[in-house]
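So the structure is just underneath, and the comments pick up after that.
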Amino acid sequence: MKMGAWGKRASALLQKYKYVLLVALVGVVLLLWPSGGGEAMAQAPPAAAPADQFQTTALERRLEEALSRVSGAGEVSVVLTLKETPRQVVAQDGSATEGNGQTSRELTTVLASGGSGTQEPVLLQQLSPVYQGALVVAQGGGDPNVRLALSGAVSALTGLGADKIAICAGK
């Protein structure tokens, strides 16, 4: 009779946690599902340089859109200059050998296995761009209140001080 009680208890637990078990089962299936691409994807080099330029251009466009909504600003154009581009810091393993009064160091990038047999560098840190200055040309740039609002908005979004932001009146 103990087997019947055990079966009822298991059935009650299954009924109570059926959705949790279903989600867990779907997760396991997705983890085991092979991702497509195979060898062709493993050999494709990452395109990093155009993405950095695109991010700056995209931020300029977003700033233009947002700043044009400031009361009295009118049409706005934004130019940002970079001091340092965005970059990634990868993990490296090093060894040093000493001989004949000289020390030589050898650094290798640490790789981790990705999906589908790919290997990717281990990222330690992703550094954001450092802006050098900003130029904002706005139709309402002659009004001191508008200039203050635009300067504060650009400063908040880029981290630049007010002395690095130039606001000019446009046509």
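Only this structure's heavy atoms are used, side chains among them; waters, hydrogens and symmetry mates stay out. Remember, predicted model here, so these are calculated numbers, not experimental data.
Residues satisfying the salt bridge (charged side-chain N to carboxylate O under 4.0 Å, His left out) criterion with Arg61, sequence neighbours excluded, are Glu64. A search for salt bridge (charged side-chain N to carboxylate O under 4.0 Å, His left out) contacts involving Glu65 returns Arg69, not counting sequence neighbours. With sequence neighbours excluded, the residues forming a side-chain contact (heavy atoms from CB on, under 4.5 Å) with Leu135 are Val79, Val137, Ala166, Cys168, listed by chain and number.
Other residues sharing the hydrophobic cluster of Leu30, ordered by chain and number and joined by side-chain separations under 4.5 Å: Val26.
Leu67 and Ala153 get closest at one heavy-atom pair: CD2-CB, 3.6 Å. Nearest heavy-atom pair across Val76 and Ala138 is CG2-CB, 3.9 Å.
Counting non-hydrogen atoms of other residues, nucleotides and ligands closer than 6.0 Å to CD of Gln119 gives a total above 12.
Under the 4.5 Å side-chain heavy-atom criterion for grouping Ile, Leu, Val, Met, Phe, Trp and Tyr, Leu82 is connected to Val154 within one hydrophobic cluster.
Among residues at least two apart or in separate chains, there is no side chain to side chain donor-acceptor pair (under 3.5 Å) pair with a member in residues 146-170. The list of side chain to side chain donor-acceptor pair (under 3.5 Å) pairs with a residue in residues 96-105, not counting sequence neighbours, reads Thr97-Ser104.
Judged purely by atom type and a 3.5 angstrom limit, Glu75 has no side-chain atom pairing as donor or acceptor with the backbone of Gln139.
Atom CG of Leu13 is separated from atom CG of Leu21 by 9.5 Å, given to the nearest 0.5 angstrom. Leu157 CG to Tyr131 OH: the interatomic distance, rounded to the nearest 0.5 Å, is 9.5 Å.
By the 4.5 Å heavy-atom criterion applied to side chains, Leu63 and Leu80 are counted as neighbours.
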